[in-house]
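Have a look at the structure below before the remarks.
When reading the values below, keep in mind they use all heavy atoms of this one structure, side chains included, and skip hydrogens, waters and symmetry mates. Predicted, not measured: the structure shown is a model, and the values here were computed from it.
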Amino acid sequence: MKIVHVLLTGGVGSRLWPLSRKQSPKQYLPLFDGQSLFEMTVQRNQQVADQVVVVGNKDNTHLSHKAMINCGLPYKNIVEATPRNTAAAIAFAAFAVEPEDILIVTPSDHMIAGDQEYRDAIESGIAKAKEGHIVTFGIYPTRPETGYGYIEYYGDAVKSFREKPNQDTAEDFIEKGNFLWNSGMFCFQASVFLEELEQYEPEVFEKAKVVWENANDGFLDEQLSLDIPSISVDYAVMERSKKIRVIPTTFEWSDLGSFEALYDYFITNGYPKDENGNIVIGTEVFTGFVGLKQTIFVHTKDAFLVVQKEKSQDVKKIYNMLEKHQSKLLD
């Protein structure tokens, strides 16, 4: 039995446009003392895992390869010809290993602080996975965040999964005190996950299996892949399985999915700001702010973005507008 770190590398990071683009998603950007979130995730899990499986798409596989070379680690590569959401992506990883292997499934674009706390949480997850449970990791919320899903829990039992709430609902969750942020990280035995997927989403299971059996050195066939229903692992398994357990974690966590989260991380780590909390990302050119507070100015070679910290979720509206017009500014 091996402990296998499964790294999910899909996603564009649309709320971090114009830093994050289709050709250079946020998980590969060297924003953190020259390191990327991808590299930091691999290194963090190196202490508990025996093997790495990278699941990505054909557009970012070269970026993953470069990052893995930087980490100096061998890995098993699974390249999706077309994204089919997380249920299928995790199924491919489970098919790629031995049935008894324990998978630690993580996104590649999250920031975590507290190495020992992280290791303790993962080792608790591995212990529960060996007992036949499917483990999800919850984060104690520090604010009524509307950008995350939530887990309602009691002890290690999951009472319900909740979608990203509005502000009032998020405040209600915090007040009740038995809600955790959903980290999107999981731990389970490969065979247990596949059994549950087969039970609850047999079509995803069967068609993903056909795709895997026809893979060519980890590269998946596009036509066969298009037959797989696109469904998230939360809907497919997590919200339906009777084998789910949650581990409330004590490490610091952020999905860095918005400029607000990136701002908070930068400021905590001594990033330069003016007397009103305004910051500049991407240029050394002097930038002055007049009458603005906690504003972020983002400079790239072909686009500028000016956003107030508390409005950072709305960056996605600009992304969606550019996508509607098929703008090259997204590439």
**Prompt:** Roughly how far, to the nearest 0.5 Å, is the CD1 atom of I78 from the CG atom of L7?
**Reply:** 11.5 Å
**Message:** Could you check whether E152 pairs with R162 (Lys NZ or Arg NE/NH1/NH2 to Asp/Glu carboxylate O, under 4.0 Å)?
**Reply:** yes
**Presence of salt bridge, D264 and K309, under 4.0 angstrom** = yes
**Asked** Do you see a donor-acceptor pair shorter than 3.5 Å between the side chains of T169 and D172?
**Response** no
**Prompt:** Is the distance between the ring centroids of F179 and Y153 less than 6.0 Å?
**Reply:** no
**Request:** May I ask you to check whether Y148 and N182 show a side-chain donor-acceptor distance below 3.5 Å?
**Result:** no
**Message:** I'd like to know if the side chain of E80 pairs up with that of N57 as donor and acceptor (distance under 3.5 Å, no hydrogens or angles considered).
**Reply:** no
**Message:** Please check if the number of heavy atoms outside E284 that lie under 6.0 Å from its CD is greater than 12.
**Reply:** no
**Item:** Residue pair N45 / Y118, side-chain donor-acceptor N/O under 3.5 Å
**Value:** yes
**Message:** Check for me whether the distance between the ring centres of Y319 and W17 falls short of 6.0 Å.
**Reply:** no
**Asked** Parallel, tilted or perpendicular: which describes the rings of F205 and F95, with under 30° parallel and over 60° perpendicular?
**Response** tilted
**Prompt:** Can you tell me if E260 and Q313 form a side-chain donor-acceptor pair at under 3.5 Å?
**Reply:** no
**Message:** So does R21 get a backbone contact from the side chain of D331, meaning a donor-acceptor N/O pair under 3.5 Å?
**Reply:** no
